[in-house]
Amino acid sequence: MSIPSVSGDKENCGKALDYMLEKGEAFGFTCKKAVDNRVGIIEIGEGEETVGILTHVDVADPGNRRLWQCDPFVPVVVNGNIIARGTLAGKGPAIAALFAMKDVWNTYYHRGKSYGKRIQMIIGTGLEHDLSDVRSYLMDHKAPDYGFAPDGVFPICNVSKGTMNILVSFPVKKDVGCISDIKAGNCNQVVPEKCMITLDDDRKFAAAGKAVDSAYPEQGVNAIFKMAAALDSIIGNDRLVLRDDVVFQVIRKLRYGFDEFYGQRAGMPRSKGSFKNEASGNNIYVPTRIYIFKDRLYVNMNVRYSNDTDEKDIIEALEKYFEDDDMRIDNIDSAPGIFVSRNAPFVKAFGDAYEHVTETRNDFTLAQGPSYAQLMDNIVVWGPVLPGREDNRRQPDESISVGELTLIESIYCKALHTMAFTEDSFK
């Protein structure tokens with residue numbers, strides 16, 4: 001947790017990856033790197049089938065550090081809770097899964113049991129950015145046969161939303177308007193907590209929001225919308241000056257179309273609410289970043305969409321909403337949702353392990369994404385957030401308790417034990 005491996009920081013993400021691989025090597029596991037040292041692989045066992053654990057060591061930017069009760073990269077334990085960036089997303093569960101592998105290895109080494117499965121942990125460094133690391137890995141490496149990504153909640157997320165980041169831009173005419181610069185957001189997956197504007201006369205103004213995971217925008221406050229509301233309340237001559245300002249026009253339109261999260265006023269596609277008899281949730285549209293570069297205003301739209309929604313419809317609706325604003329689409333990064341049958345043998349094994357350890361009934365729920373599970377077949381999202389536990393991933397004071405980490409490790413360990421020492425198929 002003390003390594004400041006903010007996604008995009010190649011050096012520190014590399015250090016965090018090295019830490020995991022060094023720990024795996026110390027345990028006696030087979031460890032290697034791939035994709036220009038952006039992906040790590042830790043393996044134990046052998047057999048025709050491979051159980052995959054898809055983790056990551058990059059983290060979201062901690063944002064305003066004054067909102068933390070400690071430095072986000074100087075972990076502290078308060079009342080049994082470890083507070084640091086990445087405790088839930090996703091270093092905590094990565095370590096729990098690694099120690100679960102160690103328990104399986106101990107059984108093999110000390111009790112003489114023979115492996116019937118290979119267990120493979122794939123560790124990425126770009127989940128909070130664009131998933132390109134594991135995408136590249138899969139071009140040259142075989143995917144696991146089945147497995148889990150600990151990037152959601154318990155019990156089992158056999159369905160997840162798809163994720164998109166759509167970078168759009170608008171031309172900025174420097175001789176028109178009074179806003180010379182704007183900046184909000186530093187992570188595609190997080191509601192921005194601060195929006196700063198600079199006027200032509202160098203005056204600066206800020207609007208404060210509340211940062212949360214963009215999958216749950218209703219729990220936060222989008223600073224872009226706060227700035228738009230503040231500017232929209234201006235009257236008199238200043239209002240006349242703002243009228244033709246591109247930045248003002250765009251953020252005002254963003255607020256009108258997306259401040260209720262579902263994009264209904266912007267005409268964005270809606271989810272039907274279910275897919276193959278599984279709940280699919282609402283489509284969510286959140287502007288998470290905005291900035292000016294050279295002569296263009298850039299906006300990142302983060303989208304979480306259900307499996308019953310076509311990506312093409314999202315793009316077309318966004319283009320139509322901004323058709324009078326000379327909008328240009330600069331980049332689209334997307335990953336589809338997942339759908340795995342509840343009756344898949346490996347899913348049943350995961351459910352049995354959860355019930356055995358927690359002594360509570362297993363159930364199924366929806367993951368909001370993103371996760372590396374979206375890039376492979378037969379991967380569910382499983383943990384780390386336990387039922388009834390506050391999900392503060394990507395928020396200030398992100399935390400996990402020592403007791404929760406122990407319980408999570410036990411759940412993963414039980415599942416891996418069930419699979420590792422039998423040649424029975426779980427496909």
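Starting from 1, each residue takes its place in the sequence as its number.
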* To do: Dump the intermediate steps for side-chain hydrogen bond (donor to acceptor under 3.5 Å, both in side chains) on His129 and Asp333, then the final yes or no.
  => CA-CA 10 Å; His129 185 53; Asp333 178 71; over 6 Å; no

* **Working for side-chain hydrogen bond (donor to acceptor under 3.5 Å, both in side chains), residues Ser160 and Gln374** => CA-CA 8 Å; Ser160 87; Gln374 295 170 255; 5.0 Å; no

* **From CA spacing to verdict: side-chain hydrogen bond (donor to acceptor under 3.5 Å, both in side chains), Asp377, Tyr146** => CA-CA 7 Å; Asp377 295 329; Tyr146 43 80; over 6 Å; no

* Stepwise side-chain hydrogen bond (donor to acceptor under 3.5 Å, both in side chains) check, Asp330 with Ser169 -> CA-CA 7 Å; Asp330 291 89; Ser169 66; 2.6 Å; yes

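Side chain of Lys113 to main chain of Ala420: no donor-acceptor pair is present (N/O by atom type, distance under 3.5 Å, no hydrogens or angles). Gln219 contributes no side-chain N or O that, together with a main-chain N or O of Pro217, makes up a donor-acceptor pair within less than 3.5 Å. Here the side chain of Asn331 pairs no donor or acceptor atom with the backbone of Ile166 at under 3.5 angstrom. Put simply, the side chain of Asn300 never gets that close to the backbone of Thr288: no donor and acceptor are under 3.5 Å apart. Between the side chain of Asn12 and the main chain of Ile3, no donor-acceptor pair closer than 3.5 Å is present. Side-chain atoms of Tyr372 come within 3.5 Å of backbone N or O of Leu127 as a donor-acceptor pair. A distance-only check finds no donor-acceptor pair linking the side chain of Ser274 to the backbone of Ala279 [under 3.5 Å]. In terms of modelled atom types and a separation under 3.5 Å, the side chain of Asp308 and the main chain of Ser271 share no donor-acceptor contact. For the pair Thr422 (side chain) and Met419 (backbone), a donor-acceptor distance under 3.5 Å is absent.
The only member of Asn302, Asn188, Asn222 that meets side-chain hydrogen bond (donor to acceptor under 3.5 Å, both in side chains) when paired with Ser214 is Asn302.
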May I have the list of side-chain donor-acceptor pairs in residues 70-84 shorter than 3.5 Å, sequence neighbours left out?
{"residue": "Asp71", "atom": "OD1", "partner": "Phe73", "partner atom": "N", "Å": "2.8"}

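Take Lys161 and apply the side chain to side chain contact (heavy atoms under 4.5 Å, CB included) test, not counting sequence neighbours, and it matches Ile284, Arg304, Leu366, Gln368. Ala184 meets the side chain to side chain contact (heavy atoms under 4.5 Å, CB included) test with Pro192, Cys195, Ile224, Ile290; sequence neighbours excluded. Checked against salt bridge (Lys or Arg N to Asp or Glu O under 4.0 Å), Arg265 has the following partners two or more places apart in sequence or in another chain: Asp259. Remark: Ala97 pairs with Ile53, Met121, Tyr412 by the side chain to side chain contact (heavy atoms under 4.5 Å, CB included) rule, at least two apart or across chains. Among residues two or more places apart in sequence or in another chain, the salt bridge (Lys or Arg N to Asp or Glu O under 4.0 Å) test is passed with Glu218 by none. Lys276 is linked by a salt bridge (Lys or Arg N to Asp or Glu O under 4.0 Å) to nothing, counting only residues two or more places apart in sequence or in another chain. The side chain to side chain contact (heavy atoms under 4.5 Å, CB included) search around Asn392 returns Leu88, Arg389, Glu390, Gln395, Glu398, Ser399, not counting sequence neighbours.
Closest heavy-atom contact between Thr418 and Phe426: O-CZ, 4.0 Å.
In this structure, Lys253 is positioned above the aromatic face of Tyr321, its NZ or CZ under 6.0 Å from the six-membered ring centre and within 45° of the axis.
Residue pairs meeting the salt bridge (Lys or Arg N to Asp or Glu O under 4.0 Å) criterion with at least one partner in residues 334-356, sequence neighbours excluded, are Glu278-Arg342. Judged as a salt bridge (Lys or Arg N to Asp or Glu O under 4.0 Å), the pairs with a partner in residues 359-372 (not counting sequence neighbours) are, in order, Arg361-Asp363. Listed by first and then second residue, the salt bridge (Lys or Arg N to Asp or Glu O under 4.0 Å) pairs that reach into residues 90-107 come to none, sequence neighbours excluded. Listed by first and then second residue, the salt bridge (Lys or Arg N to Asp or Glu O under 4.0 Å) pairs involving residues 23-36 are Asp18-Lys33 (not counting sequence neighbours).
For Phe339 and Phe275, the ring centers are positioned less than 6.0 Å apart. Aromatic ring centres of Tyr354 and Phe154 lie closer together than 6.0 Å.
Rounded to the nearest 0.5 Å, atoms CD1 (Ile329) and CG (Leu318) are 6.0 Å apart. The distance from the NZ atom of Lys272 to the CG atom of Asn307 is 12.0 Å, given to the nearest 0.5 Å. Note that CD1 of Ile182 is 6.5 Å distant from CD1 of Ile179, once rounded to the nearest 0.5 Å.
Remark: Arg393 does not engage Asp213 in a salt bridge, criterion side-chain N to carboxylate O under 4.0 Å.
The aromatic rings of Phe29 and Phe27 lie perpendicular to each other, with more than 60° between the two planes, well past the 30° mark. Relative orientation of the Tyr115 and Phe421 rings is parallel, given thresholds of 30° and 60° on the angle between their planes.
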